[in-house]
A.B. asks: 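Got a structure for you, questions after.
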Amino acid sequence: MADEIPRYRYNAELAGSIERSWQDRWEADGTFNSPNPAGPMGEPDKVAGRDKLFILDMFPYPSGTGLHVGHPLGFIGTDVFGRYKRMSGFNVLHAMGFDSFGLPAEQHAIATGIHPRINTEANVTTYKRQLRQLGLAHDNRRSVATTDESFYRWTQWIFLQIFNAWYDPTIAKARPIKELIAEFETGTRATGGGTDWANMDEGAQRKLVDSYRLVYADDMPVNWCPGLGTVLANEEVTADGRSDIGNYPVFRRNMTQWVMRITSYADRLLDDLERLDWPEPIKHMQRNWIGKSHGARVIFRTDAGPLDVFTTRPDTLFGATFMVVAPEHGLVPALTTAAQHDAVEAYVAAAAGRSDMQRQEDKSKTGVFTGSHAVNPMNGELIPVWIADYVLMGYGTGAIMAVPCGDERDFEFARQFELPIRAIQEPPASWFDSHGIDESLDTAGWPRAFIGDARYVNSANDSFTLNGVESIDDAVTSTNAWLEVNGHGHGTINYRLRDWQFARQRYWGEPFPIVWDEHGPIALPDQYLPVLLPDLDDFKPQALDPNDDQSRPLPPLARATNWVEVTLDLGNGPRPYRRELNVMPQWAGSCWYEMRYLDPTNENAFIDPAVEAYWMGPDPSRPGDPGGVDLYVGGVEHAVLHLLYARFWHKVLFDLGHVSSVEPFRRLFNQGYVQAYAYRDDRGQTVPAEEVEALDGGYVWQGQSVAREYGKMGKSLKNVVTPDDMCDAYGADTFRLYEMSTGPLDASRPWNTRDVIGMQRFLQRLWRNLVDETTGELRVVDTEPTYETDRLLHRIVDGVRTDMDNLRFNTAIAKLIELNNHVTGLPSTPRRVAETLVKMTAPLAPHIAEELWHRMGNPYTLTYEAFPEADASFLIDDEVEYPVQINGKIRARITVATGSDQATVEAIAMADDKVVAALAGVEPKKVIVVPGRMVNIVV
RNA sequence: GCGGGCGUGGCGGAAUGGCAGACGCGCUGGACUUAGGAUCCAGUUCUGGAAACGGAGUGAGGGUUCAAGUCCCUCCGCCCGCACCA
């Protein structure tokens, strides 16, 4: 190395030292601490008279592998926006926490025998270090982890609020359970069981009240894996019905589970979507998930008792020629006749061995006849009742009336088992045409069911007829009325949404603040919180005989016998209780964590109401505003579950008066993903991506050609690039700029390390425009910029502001580079231009900006300097250049004084030499002048 | 199958219906250099041409419009969501 690199050249080394020094200063000074209106972090005088902004990232699960470059995309985006808003005068709250309960830590603990807390804390430390080096402007006083005892104490407290509440449908709100008990006691509410409250024993009273709670225990179909001793999520079951881990058999069976009554909130969760500033696809997914559909409940009489069905097409009742119940339906044993017993038993057992996944993949129709019949309430006809797994226990009532002429699945089933298909509508001629068959009500020739508006036939009984009606809506309405009058059913609404299965037979989660006595569960009073997770040596659920499908789960906490058996005085003297052995699912902490950032040290409440109202309260100036976080940024993978659960908890807290906001997240933004290339050799082995070279349109690794694929970044794909790598090689500012420059924040983009250098060069040129590379002296001069420079400057300022406001950081960066490239061409850098450029760069590349700001002699800190504003007078030029088109093709350019009227512009255009030549004497038919834009001559 | 989104240079991507390709990478040439995988300068949609200057061009085809990457229709391709939801 003969030639020395200039001492003050902006490279990775210099960037690194600049970044470390400012990060230390920011931390020491608490530069990004945001004041609360009240409480321990209250600084009312700093809050007064300022707008506030609460921005939030979906907090990460601290995994053992640390961050790769894809993870911080959203974090950097929110940081840029937050810094911009801080420079626009806002009191910005931005903090980061950790979703640190969860399965990977538990599995690591099972494998190593090391307590998951140790591993989790180590991972959090790594994450904090990795995030710190990115220069994120977080208020670190507010960082929380869901595994902190001081955090999950309040998760348990909120659980108890929900447990101690019931949903009153008359006011569509949750109310304290005490009010329900009071209604029973005073007799204003009937107990429903025929016995007065006063005459019920304690067990019966508690059972009644428990049946109203928003958290309740219920029999639900689950994936029970005795080999692992736990219930599994559908995603954890393989296509052949075995456990993903360990390959043990998995059984579908009903088991008592803790469930949250989210279905009570279905309508509000659906309706309030209208009030949210969320991406339309996410709202759509939530709507689909809730799955509201209008229809009717119809009761069919059978020898085994009434059989309820839900249908969206009660108008087709006359076409019901059989019924189908799900294999898990409670009436199956009673419906099964002796002759069919063996066949039914075999079918039900086979269905239990099939996972949901298998059922979804294989759509061929299977089924078995029960031997029983039901009475069609419309016409008194006896129709056979079948069992088939195309009917799902989890939707509607788990039983359907089958109308093969009007439903594709029923049609297929009828064909498969040779059941009658009766036409009850007369399809239009076009329908027959399009299927190439003759018009006929003889369904034997139909290739498929008919669905749509058409005239009804064969649809009448003694007191009711649909014959001749032509619209489904009309037919549904009148059928529902008839059903109700005659006691056979009624119009109703059904939801796809199920109640939320809340318990996990695991270790690394929040213990329930619940104990049991002989009558059932009891909520622990507040003074017993937190219920701490007991220490164990072995974190596995207790494995049972893998093939015994009748066994019951024994969660890991059952091993902590001293913890489980507890003597407490809950108001009637010390008595023995057993603790609840399940823990909460990982979603629990993420249902409310954002609020804890606001008041992280509060020991008296999960949040001070004044603090909540300040940061999250509805904006009175915007009618219908639901309140909540001002901007929530995260991946689309949480479109449904996390966002729905969090909304649900928030609404319960609202109903009970604990928060002023109706919704937790007022505005949602989905950032894209950073994806990466991976390479495989001939044998399909992945090879290190960083060692692969492009050659003649192909890819080569160590002399052999390899195939490229595109997707996730991951260890097994040997294509992981970490923020640490990038900070070492280029510096955090370069890395931040690269991440923000590769596309709009909501778009996914490929990672290309090769391209990162471009942003390094930009910062290097910016630095060089202000600082002499050799001497380190300031190169900024106190002369005024030229008019031309000022015009560009103000145009750029104007554009960058718009881009920043709209989270379009990629185009903001392009504009900054454009301005900097202009400055590079100047003989010297005017101070006003330099300062403006540095301020605009600050949100994106905060360290170099702070450094340059400091070197220009300005006081610490740039963080709260006002973001530049454009002077409108510079945005309008004296002259405007108009392209002149002839029939849409550009043939000339003219320069016209700004504000010239259309006639003047037209005259100048028509007089232009090139225009005259191009027209060659032809008289234009029309001349269009778009003011300030262009001229189009039509010939 | 149903629903939604997207197709622009070699690559990432810009373009309130109004000059397609901002900005970056890469590439080409030059400067500085013992050297360049550093840095700087210039060029870079394709095509004809030395150039001036032409022609074509935003997945394909059609339409609306003075004007379409942008709006409408049909088709093709890719991505995402849901998926036996009665």
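Just so it is clear: chains get the letters A, B, ... in the order the sequence lines come, proteins before strands, and each one is counted from 1. Computed from a predicted structure; not experimentally measured.
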A.B. asks: If the cut-off is 4.0 Å, is A:Asn820 near the phosphate of B:C23, judged by side-chain N/O to OP1 or OP2?
C.D. replies: no

A.B. asks: Is A:Arg761 close enough to B:U39 that one of its side-chain N or O atoms is under 4.0 Å from OP1 or OP2 there?
C.D. replies: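 A:Arg761 to B:U39 OP1/OP2: side-chain N or O found under 4.0 Å.
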
A.B. asks: Under 4.0 Å between a side-chain N/O of A:Lys889 and OP1 or OP2 of B:A56, yes or no?
C.D. replies: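 Indeed, a polar side-chain atom of A:Lys889 lies that close.
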
A.B. asks: Give a yes or no answer on whether the side chain of A:Tyr8 reaches the backbone of A:Trp767 with a donor-acceptor pair at less than 3.5 Å.
C.D. replies: no

A.B. asks: What stems show up for RNA chain B when you take Watson-Crick pairs (N1-N3 plus N6-O4 or O6-N4) and G-U wobbles (N1-O2, O6-N3), both under 3.5 Å, and require three or more consecutive pairs?
C.D. replies: B:1-7 with B:76-82, B:10-12 with B:23-25, B:26-31 with B:39-44, B:45-48 with B:53-56, B:59-63 with B:71-75

A.B. asks: Should A:Arg287 be listed as having a side-chain N or O under 4.0 Å from OP1 or OP2 of B:C82?
C.D. replies: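 No, because none of the side-chain N or O atoms of A:Arg287 sits under 4.0 Å from OP1 or OP2 of B:C82.
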
A.B. asks: Could you check how far CG of A:Asn821 sits from P of B:A22, rounded to whole Å?
C.D. replies: 13 Å

A.B. asks: OP1 or OP2 of B:G12 less than 4.0 angstrom from a side-chain nitrogen or oxygen of A:Arg754, does that happen here?
C.D. replies: no

A.B. asks: Hey, does A:Asn494 reach any base, or is it just sugar-phosphate, or nothing, if we go heavy atoms under 4.0 Å?
C.D. replies: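 If one applies the 4.0 Å heavy-atom cut-off, A:Asn494 turns out to touch nothing in the nucleic acid.
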
A.B. asks: Need one value for A:Lys925: base, sugar-phosphate or nothing, where a base atom within 4.0 Å counts as base even if backbone is also close, heavy atoms only.
C.D. replies: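 A:Lys925: no heavy atom of the nucleic acid under 4.0 Å.
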
A.B. asks: Any side-chain N or O of A:Gln885 less than 4.0 Å from the OP1 or OP2 oxygen of B:C66?
C.D. replies: no

A.B. asks: For residues 885-896 of chain A, dump all side-chain donor-acceptor pairs below 3.5 Å to protein atoms at least two apart in sequence or in another chain.
C.D. replies:
unit_1, atom_1, unit_2, atom_2, d
A:Asn887, OD1, A:Val939, N, 3.1
A:Arg893, NH1, A:Glu881, OE1, 3.4

A.B. asks: Look at A:Arg496 and B:A86 and indicate whether a side-chain polar atom (N or O) is within less than 4.0 Å of OP1 or OP2.
C.D. replies: no

A.B. asks: Check the phosphate of B:A14 against A:Asn810, side-chain N and O only, distance under 4.0 Å to OP1 or OP2. Yes or no?
C.D. replies: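 Affirmative; the distance criterion is met.
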
A.B. asks: Heavy-atom contacts under 4.0 Å between residues 930-939 of chain A and RNA chain B, which residues?
C.D. replies: A:Val930, A:Arg933, A:Met934, A:Asn936, A:Val938

